[in-house]
Amino acid sequence: MSSLDNITSKILNDAKGKAEEIVRTAKEKAEEKYVQTMKKYDLQKKTLEENAVRERNLIVERMKSSGALKARNEKLKAKQSVIDKVIGKLKNQLVNMDEKEYIDYLRKNIDLSKSVKNKKLIVKREYIDSVKKTFPAMEVSDTEFVNSGFILEENGIQENYTFEVKLEFMRDELEVEISKLLFS
């Protein structure tokens, strides 16, 4: 029986060796798969971290840009408010000019070298007598009046030289000039 024991022992030893080889190969494959999976997850983790940093930086930049834009808008609002006040004061000064300044303004802006026939002048009520004395050749309206400046009417067509209209017409240019004077 010793031969049978030897054969059995050899079969068992061979089987044990094969089993150990199978276990060792399985462990190596499992270890390799684990390493591969960990590399894959590390790469994903690194990508996620890089994306998070990029996204954080984008958000920070957007917040900075938004803050700068809001600050700029507030600054522009403040500047526009100052410009509006300056134009308002200018308008007030023009509307409230005294009689001498008003007559001088009319002299500078009414072209007497052209025919004044059929032309009617509409002026401020309080200065009508002075205007009639200064421009005796022109018809000056006794029924229509303006708050500032004057209106020249010919054949039903009016040329409006009131300060409100002139200021509105020149507003863009005035804003640029006022801005240069105050904010440059």
Side-chain angles (χ1 to χ4, degrees), residues 45-184:
K45 177 184 167 190
K46 184 178 177 185
T47 302
L48 286 173
E49 287 172 347
E50 288 171 354
N51 288 343
V53 167
R54 269 196 305 275
E55 191 170 329
R56 183 195 70 213
N57 291 341
L58 271 172
I59 290 170
V60 167
E61 285 304 312
R62 283 185 198 142
M63 289 171 69
K64 285 180 183 177
S65 294
S66 176
L69 185 62
K70 286 179 183 177
R72 189 188 117 244
N73 287 344
E74 289 301 316
K75 190 175 177 181
L76 287 174
K77 279 183 193 176
K79 283 182 178 182
Q80 188 62 48
S81 175
V82 170
I83 289 170
D84 289 344
K85 286 179 184 176
V86 169
I87 290 175
K89 284 184 179 185
L90 174 62
K91 180 180 172 183
N92 190 38
Q93 284 181 339
L94 290 172
V95 168
N96 295 314
M97 69 172 47
D98 66 28
E99 187 173 345
K100 183 185 177 309
E101 291 173 317
Y102 186 75
I103 296 298
D104 287 343
Y105 173 75
L106 292 177
R107 279 189 185 122
K108 289 177 187 172
N109 289 285
I110 295 175
D111 188 2
L112 294 175
S113 65
K114 294 181 181 177
S115 173
V116 291
K117 289 181 181 178
N118 301 324
K119 289 188 179 181
K120 179 169 66 170
L121 186 59
I122 302 169
V123 296
K124 290 180 79 168
R125 179 187 304 260
E126 59 264 29
Y127 302 141
I128 193 166
D129 293 332
S130 295
V131 172
K132 285 181 178 182
K133 286 179 192 171
T134 308
F135 300 98
M138 290 192 77
E139 176 189 351
V140 180
S141 175
D142 290 326
T143 57
E144 298 176 272
F145 304 99
V146 293
N147 290 329
S148 67
F150 65 94
I151 294 177
L152 200 56
E153 186 176 303
E154 182 178 13
N155 298 325
I157 299 173
Q158 291 186 341
E159 293 178 42
N160 192 332
Y161 295 94
T162 61
F163 296 133
E164 293 87 358
V165 170
K166 285 189 104 172
L167 284 175
E168 199 55 44
F169 180 73
M170 296 174 59
R171 185 169 184 94
D172 289 341
E173 293 171 39
L174 286 171
E175 285 182 358
V176 170
E177 289 303 315
I178 292 168
S179 183
K180 283 180 186 176
L181 288 171
L182 296 178
F183 307 117
S184 295

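What you see is a predicted model, and the numbers here were worked out from it, not measured in a lab. Quick note: residue numbers are just sequence positions, from 1.
The shortest side-chain heavy-atom distance between T162 and V165 falls under the 4.5 Å cut-off. Looking at E153 and K119, their side chains never come closer than 4.5 Å, going by heavy atoms from C-beta outward. Taking the side chain as every heavy atom from C-beta outward, V140 and K120 never approach each other to under 4.5 Å. Between N160 and Q158, the closest side-chain pair of non-hydrogen atoms is not below 4.5 Å. The closest side-chain heavy-atom distance from L106 to T134 is not below 4.5 Å. Side-chain contact check for V146 versus Y161: every heavy-atom pair is 4.5 Å or farther apart. At least one side-chain heavy atom of I122 sits under 4.5 Å from a side-chain heavy atom of S141.
For R54 and N51, the side-chain atoms include at least one donor-acceptor pair closer than 3.5 Å.
In summary, K132 and D142 engage in a salt bridge, as defined by a charged side-chain N under 4.0 Å from a carboxylate O. A salt bridge between K77 and E74 is present, with a side-chain N of the basic residue lying under 4.0 Å from a carboxylate O of the acidic one. Salt-bridge check for R171 with E175: passed, with a basic side-chain N closer than 4.0 Å to an acidic carboxylate O. K100 has a carboxylate O that lies under 4.0 Å from a charged side-chain N of D104, or vice versa, which qualifies the two as a salt bridge.
To the nearest 0.5 Å, atoms NZ (K85) and CG (N92) are separated by 14.5 Å. Note: E168 CD to I87 CD1 = 8.5 Å, rounded to the nearest 0.5 Å. N73 CG to Q80 CD: the interatomic distance, rounded to the nearest 0.5 Å, is 12.5 Å. Distance CD1/I128 to NZ/K133: 12.5 Å, rounded to 0.5 Å. Rounded to the nearest 0.5 Å, atoms OG (S179) and CG (L76) are 9.0 Å apart. Here the CG atom belonging to L94 is positioned 10.0 Å from the NZ atom belonging to K91, to the nearest 0.5 angstrom.
The neighbour count for N96 CG, taken as heavy atoms of other residues, nucleotides or ligands under 6.0 Å away, is above 12. Heavy-atom contacts from other residues, nucleotides or ligands closer than 6.0 Å to CG of L48 number more than 12.
None of Y102, F145, F150 except one satisfies the ring pair (Phe, Tyr, Trp, His ring centres under 6.0 Å) rule with Y127; the exception is Y102.
Remark: side-chain polar atoms of K89 are not paired, donor with acceptor, to backbone N or O of D84 under 3.5 angstrom.
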Report task. Could you walk me through whether E164 and N147 pass side-chain contact (heavy atoms from CB on, under 4.5 Å), step by step? Result -> CA-CA 9 Å; E164 293 87 358; N147 290 329; 4.0 Å; yes

Query raised in the report: Given L152 and M138, is the side-chain contact (heavy atoms from CB on, under 4.5 Å) satisfied, shown in steps?
Result: CA-CA 10 Å; L152 200 56; M138 290 192 77; 3.5 Å; yes

Query raised in the report: Do K79 and K75 pass the side-chain contact (heavy atoms from CB on, under 4.5 Å) test, and can you show the C-alpha distance, the side-chain angles, and the key distance before you say yes or no?
Result: CA-CA 6 Å; K79 283 182 178 182; K75 190 175 177 181; 4.1 Å; yes

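Applying the salt bridge (charged side-chain N to carboxylate O under 4.0 Å, His left out) test to pairs two or more places apart or on separate chains, those with a residue in residues 55-66 are E61-K64.
F135 and R107 get closest at one heavy-atom pair: CZ-N, 3.8 Å.
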